[in-house]
Amino acid sequence: RVSGIQHRQTASYPAHSVLFIFRILLLAGVNQPDSPSSPFPPSPPPPSQSSSPPAMSIFEYNGSAVVAMVGKNCFAIASDRRLGVQLQTVATDFQRVFKIHDKLYIGLSGLGTDAQTLYQRLVFRHKLYQLREERDMKPETFASLVSALLYEKRFGPYFCQPVIAGLRENNEPFICTMDCIGAKELAKDFVVSGTAAESLYGACESMYKPDMEPEELFETISQALRSSVDRDCLSGWGGYVLIVTPTEVRESVIKGRMD
Amino acid sequence: MGDSQYSFSLTTFSPSGKLVQIEHALTAVGSGQTSLGIKAANGVVIATEKKLPSILVDETSVQKIQALTPNIGVVYSGMGPDFRVLVRKSRKQAQQYYRLYKETIPVTQLVRETAAVMQEFTQSGGVRPFGVSLLIAGYDDNGPQLYQVDPSGSYFSWKASAMGKNVSNAKTFLEKRYTEDMELDDAIHTAILTLKEGYEGQISSNNIEIGIIRSDREFKVLSPAEIKDFLEEVE
């Protein structure tokens with residue numbers, strides 16, 4: 001840069017201020033009209049010390065994996081336990097699966113803050129419903145409520161993908177998932193969501209079989225979750241599995257690769 | 001009543017602790033045509049007189065019994081136009097419930113919300129209470145139900161009830177005739193007899209209206225031909 005500038009005679013200015021002006025022009029990269037073009041093209045600014053990673057979707061900001069599966073008169077819902085801030089892991093005990101009532105659970109993947117807030121709103125609605133109607137909400141009704149609540153925020157959505165799992169009145173399991181603006185998708189076998197969704201689809205598809213008893217369902221869902229999050233850098237750090245039958249609820253924390 | 005100086009503003013209590021406008025609204029109801037409802041073991045029946053001001057009125061255009069949802073119906077005593085407004089609001093509330101939960105509204109919830117609307121009009125500025133009492137009949141997961149809603153917004157669940165002109169005689173008659181395990185057809189007969197008790201003139205299939213809901217959960221208003229059959233059975 002220095003080579004492109006030629007010193008010019010200027011009258012009636014003190015020498016130090018002339019040099020000062022030239023230094024400023026130098027820094028601004030201004031070329032004098034009769035100077036040869038610089039052999040070095042202007043280079044991009046050097047990278048800063050704390051480098052920002054490539055742009056991530058808001059759904060991948062915290063990292064998550066949630067899956068629900070249907071068994072014989074029971075269902076299982078599981079999630080990973082990592083909470084990250086982009087690539088850095090910040091918590092290894094983050095809760096993503098929440099209870100609405102004894103036979104209804106919701107898992108929320110996506111942005112952690114939206115998962116927590118959405119859960120609080122849903123519990124609020126359900127408690128009022130329980131007081132007014134003197135009964136628990138049916139899983140299908142709850143799914144419709146979640147869908148309606150998400151669509152209310154159509155143009156500024158919650159960045160969450162819920163997975164809803166419950167037992168109907170005749171103890172038949174019910175699972176469904178929806179996108180962040182409330183498009184419901186019912187399934188008979190399993191539903192998945194989160195950053196590890198694609199791996200989860202593959203793992204569940206191959207490991208699932210219908211009418212599994214609770215013990216076998218537990219093994220299947222744990223293996224499916226573990227193998228899928230191992231392939232996803234943004235989810236993992238253990239797993240949390242809930243098996244719900246008409247008579248009991250079994251919670252377990254799965255140990256997996258802590259990375 | 002002695003506290004007539006307090007009857008100008010609805011939202012003011014009288015010294016005796018009454019809201020006089022509501023008392024007046026109940027009087028309006030009490031001078032309306034008789035209506036009644038009976039809850040049977042397997043359904044509910046509601047009925048009302050349909051006395052038209054002149055024989056020139058086209059009776060098919062008058063519908064005093066209306067459906068709020070496919071499984072809930074309502075009848076009134078009092079001012080017809082007020083009734084129409086309440087029917088409209090209740091139908092909308094039922095549909096909003098369905099839109100949110102994709103589940104048909106339970107009878108108690110609809111009654112509660114309709115009563116809340118009626119109560120609003122007893123505590124707002126510049127409005128008057130509704131001049132109707134409603135009898136809401138429905139069949140849902142909790143079985144057959146019959147509710148009465150008053151202009152004040154209070155609601156009661158009844159096994160059998162009557163409102164309007166002939167209320168005291170009708171209620172006495174119902175008390176004698178009502179049994180817990182009544183079948184719906186018996187209830188319809190009892191309803192017709194109760195209406196007949198207080199009817200001035202000759203009862204016929206064109207000057208009463210009957211609505212029923214059975215365990216199939218479909219509210220229907222009986223046609224004049226069907227009413228005629230029941231009338232003949234009664235006689």
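We name chains A, B, ... by the order of the sequence lines, and we start the count at 1 in each one.
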Step-by-step salt bridge (charged side-chain N to carboxylate O under 4.0 Å, His left out) determination, B/Glu103 to A/Arg135:
CA-CA 14 Å; B/Glu103 205 184 89; A/Arg135 60 183 176 128; 2.8 Å; yes
For a 4.5 angstrom cut-off between non-hydrogen side-chain atoms, does A/Glu134 reach B/Asn142?
no
Select one option (side chain, backbone, both, neither) describing which atoms of A/Phe142 are under 4.5 Å from chain B's heavy atoms.
neither
Is the count of non-hydrogen atoms from other residues, nucleotides or ligands lying under 6.0 Å from A/Glu198 atom CD greater than 12?
no
Can a donor-acceptor pair be found, under 3.5 Å and without considering hydrogens, that links the side chain of B/Gln109 to the backbone of A/Arg132?
yes
Residues of residues 152-188 of chain B contacting chain A, heavy-atom criterion under 4.5 Å, by residue number:
none
The interface call for B/Asp141 against chain A, heavy-atom contacts under 4.5 Å, is side chain
side-chain contact (heavy atoms from CB on, under 4.5 Å) with B/Tyr101: of A/Glu140, A/Met137, A/Lys138, only one passes, and it is A/Met137
Does atom CD of A/Glu169 have more than 12 heavy-atom neighbours from other groups under 6.0 Å away?
no
Quick check: are there more than 12 heavy atoms from other residues, nucleotides or ligands sitting under 6.0 Å from CD of B/Gln96?
yes
Give, for atom CG of B/Leu100 and atom OG1 of A/Thr141, the distance between the pair rounded to the nearest 0.5 Å.
10.0 Å
Let's test your reading of the structure: which of A/Ser147, A/Ala148, A/Ser144 forms the most heavy-atom pairs below 4.5 Å with chain B?
A/Ser144
